[in-house]
Asker: 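Encoded as structure tokens, here's the structure I'll be asking about.
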There are 2 protein chains.
Amino acid sequence: MATGRTHRPATRSRGIPEATVARLPLYLRALTALSERSVPTVSSEELAAAAGVNSAKLRKDFSYLGSYGTRGVGYDVEYLVYQISRELGLTQDWPVVIVGIGNLGAALANYGGFASRGFRVAALIDADPGMAGKPVAGIPVQHTDELEKIIQDDGVSIGVIATPAGAAQQVCDRLVAAGVTSILNFAPTVLSVPDGVDVRKVDLSIELQILAFHEQRKAGEEAAADAVPHVAARKQPSTDQGPDGDVPAVMPA
Amino acid sequence: MATGRTHRPATRSRGIPEATVARLPLYLRALTALSERSVPTVSSEELAAAAGVNSAKLRKDFSYLGSYGTRGVGYDVEYLVYQISRELGLTQDWPVVIVGIGNLGAALANYGGFASRGFRVAALIDADPGMAGKPVAGIPVQHTDELEKIIQDDGVSIGVIATPAGAAQQVCDRLVAAGVTSILNFAPTVLSVPDGVDVRKVDLSIELQILAFHEQRKAGEEAAADAVPHVAARKQPSTDQGPDGDVPAVMPA
DNA sequence: AAATGTGAACTTTTTCACAGCA
DNA sequence: TGCTGTGAAAAAGTTCACATTT
């Protein structure tokens, strides 16, 4: 690395669409399950079903990574697991700090899928001095004062914020100042960060509100449906996750 | 579909884009904060900044709801709060059950923003008989056997699954059979549900993997940047959340 | 025969830029 | 004058359908 080269690494044209990146972990999970069952190969159709997406989308997604399948056969499970892991950066180990060891922080610390896939909890940090030293998920909680030291010593670049909303921005600023460049925010606040820092948020109440919106609409539809001869059959098992789910679009006049 | 009607209802063309729906809770939160500070009106620019989106997008989003602003002035905070709440279905009260009262379930039960905005925890349910009766967040945990009864008695239509992955599909099936039509899934599994049921998922490990992807790319870029005279200034405070975060596209020529 | 990989069509979402109103 | 509301353009994402390869 670090040469005077002006071109993108001879690899394949970078620029995997963000939507594709967001689905790679889904594929990886499905593939890992297959791998554990020692399934050697899988078709786009099968894998797509397991991941809950459609097969054309899956093939298109994989096409951004390269040609890892075999026509007439499908994909080699182990090989794909490796390729996707590599693409996601999971072949290296990412130390992560969790700040705010309340109920949620403890839940996160205990979350198994964490350690399993490339991530390692480097430290648990809480502002409450009473918590200091107390082990959570086998890791002793450290006081906020130690934050900068921990991040620098362990080379932490990913931080998880599970504090109350009021403390989140301040914690975020400290994390960023200490060198963290990716933040997963569970606090219900918009964080502002310098350029070059990634923030993703997970927000229970937003998810519930989106569900309520669709739920309300369903209720309206039912009322409308009552006025109509026969409600169309609802019950085809469909696999569908993510942002929408249905969005039918009927509506009373 | 069902009737012979071919035209859209006379109402304002329903069909708020899904992307817009997903942002409404964000606007609502920002507006609620303003309302608490007794701010009477707000411009699209200000509100957009508070919500972490750009103002054109916000205006476009609001335009799907109707014309609730005043040109030259901005939006009336209270009025908008009401309109968005109504649109999201938050003017009614949604009873919610949480299934799986481990660390995460407890965290969710204790989550304040829950009760505050239209949602009410109708019951906490766990498969462990030892948990039964134990109060969490002031609510006694009930055994899974009671699930169907609770859902029917309380008219619950939204369920939260916080069980281990292995139990999730089974719990989901029972919820759906009992009448739940919206599910928020915290278990790391793809749930399959009948048509007409909405599922949204929240998945810590997926979020971390997406961060790792970008983090890895940053590392690569840095190395590339070392070969270039001077790294462009990174540090303009930017507000940016959601799916991407940055995706800088530095790309040496 | 089976299943990938991908141009091309289509849909959704974002951004632009400005007319129109208070 | 200031700021909304929105057509129109651009970008991103999804789906189709089929030539290509094993």
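Keep in mind the model is a prediction, meaning the values are calculated, not measured. In the text below, chain A, chain B and the rest are named by the order of the sequence lines, each starting its count at 1.
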Asker: Among residues at least two apart in sequence or on other chains, which ones pass side chain to side chain donor-acceptor pair (under 3.5 Å) with B/Thr41?
Answerer: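 In terms of side chain to side chain donor-acceptor pair (under 3.5 Å), with neighbours along the sequence ignored, B/Thr41 is linked to no residue.
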Asker: For DNA chain D, note the earliest and the latest nucleotide, 5' to 3', having some atom under 4.0 Å of a heavy atom belonging to chain B.
Answerer: D/dG2 to D/dA8
Asker: Who are the side chain to side chain contact (heavy atoms under 4.5 Å, CB included) partners of A/Gln92, not counting sequence neighbours?
Answerer: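 Scan of A/Gln92 (side chain to side chain contact (heavy atoms under 4.5 Å, CB included), adjacent residues dropped) gives A/Trp94, B/Gln216.
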Asker: Restricting to side chain to side chain contact (heavy atoms under 4.5 Å, CB included), what partner residues turn up for A/Pro17, sequence neighbours left out?
Answerer: A/Thr20, A/Tyr64
Asker: Test of understanding: with side chain to side chain donor-acceptor pair (under 3.5 Å), list the residues that count as partners of A/Thr32, not counting sequence neighbours.
Answerer: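 Checked A/Thr32 against side chain to side chain donor-acceptor pair (under 3.5 Å); matches are A/Arg117.
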Asker: Check B/Val180 against B/Gly159 and note the closest heavy-atom contact, atom names and distance.
Answerer: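 What the structure gives for the nearest pair is CG1-N, 3.7 Å.
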Asker: Using side chain to side chain donor-acceptor pair (under 3.5 Å) as the criterion, list what pairs up with A/Glu215, not counting sequence neighbours.
Answerer: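 Only A/Lys218, B/Thr181, B/Ser182 meet the side chain to side chain donor-acceptor pair (under 3.5 Å) criterion with A/Glu215.
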Asker: Write out all pairs satisfying ring pair (Phe, Tyr, Trp, His ring centres under 6.0 Å) with one or both partners inside residues 28-55 of chain B, taking only residues at least two apart or from two chains.
Answerer: none
Asker: What nucleic acid atoms does A/Phe62 come within less than 4.0 Å of, heavy atoms only: base, sugar-phosphate, or nothing?
Answerer: nothing
Asker: To the nearest Å, give me how far apart CD (A/Glu18) and P (C/dT14) are.
Answerer: 13 Å
Asker: Where the side chain of A/Tyr75 is defined as all heavy atoms beyond and including C-beta, which of C/dA22, C/dG5, C/dT14 is the nearest nucleotide?
Answerer: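 The answer is C/dG5.
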Asker: Tell me the salt bridge (charged side-chain N to carboxylate O under 4.0 Å, His left out) pairs involving residues 47-64 of chain A, sequence neighbours left out?
Answerer: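 Found A/Arg23-A/Asp61.
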Asker: Could I get the full list of side chain to side chain donor-acceptor pair (under 3.5 Å) partners for A/Ser85, not counting sequence neighbours?
Answerer: none
Asker: Sort me out a list of protein N/O and nucleotides 15-17 of chain C N/O pairs below 3.5 Å, or just none if empty.
Answerer:
from, atom 1, to, atom 2, distance (Å)
C/dT15, OP2, B/Asn54, ND2, 3.0

Asker: Please list, in numerical order, the residues of residues 28-48 of chain A that have a heavy atom closer than 4.0 Å to any atom of DNA chain C.
Answerer: A/Ser43, A/Ser44
Asker: Expressed as a whole number of angstroms, how long is the span from A/Asp76:CG to C/dA3:P?
Answerer: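 Rounded to the whole Å, the gap is 16 Å.
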Asker: Please enumerate all residues that pass ring pair (Phe, Tyr, Trp, His ring centres under 6.0 Å) together with A/Tyr79, with sequence neighbours excluded.
Answerer: A/Tyr68
